[in-house]
Asks: 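The structure is given below, and queries will be raised subsequently.
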Amino acid sequence: MFVKPIARTVNGHALTLRCAAEQDAQMLLRYLKATCGETPWLARGPEEVTMTEEEEKAFIRGQNESPVNLMLLAFVDGEHAGSASLTGFSTARTRHRAQVAVALYQKFTGQGIGTALLEELVGIARKKGLEQLELEVAAHNAGAIALYKKLGFEVCGVLPRNMKYPDGSYEDVLFMAKPLGEGGTE
């Protein structure tokens with residue numbers, strides 16, 4: 001599913017949202033390593049980003065060919081700021097749901113970019129007839145939790161000790177969901 005680029009303004013800066021393309025593969029691999037190293041809230045460390053450029057291109061191609069899945073990239077004044085994804089479930093009993101995820105370079109957090117990405121994904125999910133969006137977030141990631149709650153996501157569960165850090169400490173993960181209603185309407 002491919003979405004036409006969307007231009008908006010956020011805090012006086014030009015924000016462009018567009019789907020990932022295969023030519024973004026190298027940039028996205030650098031982004032994954034950087035964002036995984038900037039924050040403890042993501043599920044892996046930068047050393048675990050081991051995909052090749054060809055593997056990333058194949059992943060992007062699969063996203064773009066999917067009827068539900070989508071990877072949106074955000075650019076602020078032309079600079080890559082982050083991405084968000086929509087990943088649908090595939091069985092007959094779970095097709096009404098999709099998982100969302102968002103990650104930004106730390107220098108772009110708190111500027112409304114994550115909000116813009118997620119609002120766009122919610123709109124796309126509704127158009128696709130999805131009935132529920134879900135996500136996982138580190139329990140101590142207060143900024144992200146506040147953003148998700150602002151957009152109507154509610155905590156529906158906790159998985160204790162979901163992540164284990166190199167120092168031996170653990171992080172719980174909250175499961176959050178946003179019902180969109182039958183056929184994507186709230």
Side-chain angles (χ1 to χ4, degrees), residues 1 3 6 10 15 17-20 28 31-32 34-45 48-49 59-60 62-64 66-74 81-91 93-106 108-165 170-186:
M1 183 182 115
V3 176
I6 299 148
V10 175
L15 174 65
L17 305 179
R18 68 165 174 83
C19 287
L28 286 170
Y31 152 79
L32 281 172
T35 54
C36 288
E38 288 180 333
T39 176
W41 309 131
L42 300 178
R44 60 182 160 192
E48 295 174 286
V49 179
F59 175 76
I60 293 166
Q63 293 294 95
N64 289 336
S66 169
V68 177
N69 296 355
L70 176 70
M71 185 187 331
L72 279 180
L73 306 182
S83 71
S85 63
L86 179 70
T87 306
F89 294 99
S90 60
T91 67
R93 293 181 180 181
T94 60
R95 274 190 207 116
H96 65 288
R97 303 168 33 223
Q99 187 168 26
V100 296
V102 63
L104 302 173
Y105 285 106
Q106 286 302 294
F108 289 107
T109 61
Q111 300 177 32
I113 299 158
T115 299
L117 280 164
L118 287 170
E119 286 173 344
E120 192 61 35
L121 286 183
V122 168
I124 291 166
R126 282 193 178 111
K127 288 177 188 169
K128 290 308 228 173
L130 291 168
E131 298 174 24
Q132 181 165 290
L133 296 179
E134 303 166 6
L135 58 85
E136 297 177 14
V137 60
H140 288 97
N141 190 349
I145 294 166
L147 166 64
Y148 301 141
K149 285 183 176 182
K150 176 178 83 171
L151 294 174
F153 286 85
E154 297 178 1
V155 175
C156 56
V158 178
L159 183 59
R161 299 166 51 116
N162 178 266
M163 293 189 287
K164 184 175 182 179
Y165 296 117
Y170 295 94
E171 178 70 34
D172 294 350
V173 165
L174 304 180
F175 291 102
M176 298 183 78
K178 176 181 176 65
L180 300 178
E182 192 173 332
T185 59
E186 284 186 77

Asks: Please assess Tyr105 against Glu38 for the test side-chain contact (heavy atoms from CB on, under 4.5 Å), listing each intermediate value before the final yes or no.
Replies: CA-CA 8 Å; Tyr105 285 106; Glu38 288 180 333; 4.1 Å; yes
Asks: Looking only at heavy atoms, what is the nearest atom pair of Leu121 and Ala84, with distance?
Replies: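 Result for this residue pair: CD1-CB, 3.6 Å.
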Asks: Hey, is the main chain of Pro179 close enough, under 3.5 Å, to the side chain of Glu131 for a donor-acceptor pair?
Replies: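 No, the answer is negative, given that no donor and acceptor are paired below the 3.5 Å cut-off.
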Asks: Within this structure, what is the CD1-CG distance for the pair Ile6 and Leu72, rounded to the nearest 0.5 Å?
Replies: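 Ile6 atom CD1 to Leu72 atom CG measures 6.5 Å (nearest 0.5 Å).
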Asks: Could you give me the CA-CA distance, side-chain angles and deciding distance for Leu104 and Gln111, then say whether side-chain contact (heavy atoms from CB on, under 4.5 Å) is met?
Replies: CA-CA 10 Å; Leu104 302 173; Gln111 300 177 32; over 6 Å; no
Asks: Looking at every heavy atom in both Leu73 and Ala20, which two are closest together, and how far apart are they?
Replies: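 Nearest heavy atoms, Leu73 then Ala20: CD1-CA, 3.8 Å.
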Asks: If I compare all heavy atoms of Cys36 with all of Arg44, which pair ends up nearest, and what's the gap?
Replies: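 Nearest pair, atom of Cys36 first, then Arg44: CB-O, 3.4 Å.
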Asks: For residues Glu136 and Leu159, determine if any side-chain heavy atom of one lies less than 4.5 Å from a side-chain heavy atom of the other.
Replies: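 Of all side-chain heavy-atom pairs linking Leu159 with Glu136, none is under 4.5 Å.
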Asks: Just wondering, more than 12 heavy atoms not from Glu154 lying within 6.0 Å of its CD?
Replies: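 Not buried by this count: 12 neighbours or fewer within 6.0 Å.
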Asks: Taking all non-hydrogen atoms of both residues into account, name the closest pair between Asn64 and Cys19 and its distance.
Replies: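 Scanning both residues completely, I find the closest heavy atoms to be OD1-CB, 4.1 Å.
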Asks: Can you tell me how far CE of Met163 sits from CG of Leu42, rounded to the nearest 0.5 angstrom?
Replies: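 So the gap between those two atoms works out to 8.0 Å.
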Asks: Between CG of Asn162 and CZ of Phe175, what distance do you get to the nearest 0.5 Å?
Replies: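 If we round to the nearest 0.5 Å, Asn162:CG and Phe175:CZ are 6.5 Å apart.
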Asks: Between atom CG of Leu118 and atom CZ of Phe153, what is the distance when rounded to the nearest 0.5 Å?
Replies: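 Leu118 CG to Phe153 CZ: 6.0 Å, rounded to 0.5 Å.
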Asks: Find out whether Val122 and Leu151 are in side-chain contact, i.e. whether some heavy atom of one side chain is under 4.5 Å from a heavy atom of the other.
Replies: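 Not in contact.
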Asks: Looking at Glu120 and Leu117, would you say the former's side chain and the latter's main chain have a donor-acceptor pair under 3.5 Å?
Replies: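 Flag not set: sc Glu120 to bb Leu117 has no pair under 3.5 Å.
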Asks: side-chain contact (heavy atoms from CB on, under 4.5 Å) between Leu174 and Tyr148: does it pass, once the steps are laid out?
Replies: CA-CA 11 Å; Leu174 304 180; Tyr148 301 141; over 6 Å; no
Asks: Any heavy-atom pair between the side chains of Thr39 and Thr109 that's under 4.5 Å?
Replies: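 Contact flag for Thr109/Thr39 side chains = no.
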Asks: Rounded to the nearest 0.5 Å, how far apart are CZ of Arg97 and CD of Glu134?
Replies: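 Reported to 0.5 Å precision, the distance equals 4.0 Å.
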Asks: Got a donor-acceptor contact below 3.5 angstrom from the Tyr165 side chain to the Glu171 backbone?
Replies: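 No, Tyr165 side chain to Glu171 backbone: no donor-acceptor pair under 3.5 Å.
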Asks: Taking all non-hydrogen atoms of both residues into account, name the closest pair between Phe89 and Gln99 and its distance.
Replies: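 Nearest heavy atoms, Phe89 then Gln99: CE1-N, 3.9 Å.
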Asks: Side-chain contact, heavy-atom cut-off 4.5 Å: Leu133 with Leu86?
Replies: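 Counting from C-beta outward, Leu133 and Leu86 do come under 4.5 Å.
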Asks: Compare all side-chain heavy atoms of Leu135 with those of Lys178 and state whether any distance is below 4.5 angstrom.
Replies: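 When only atoms from C-beta onward are counted, Lys178 and Leu135 do not touch, as no gap falls below 4.5 Å.
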Asks: Provide the closest heavy-atom pair for Ala138 versus Trp41 in the form atom of the first, atom of the second, distance.
Replies: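 Nearest heavy atoms, Ala138 then Trp41: CB-CE3, 3.5 Å.
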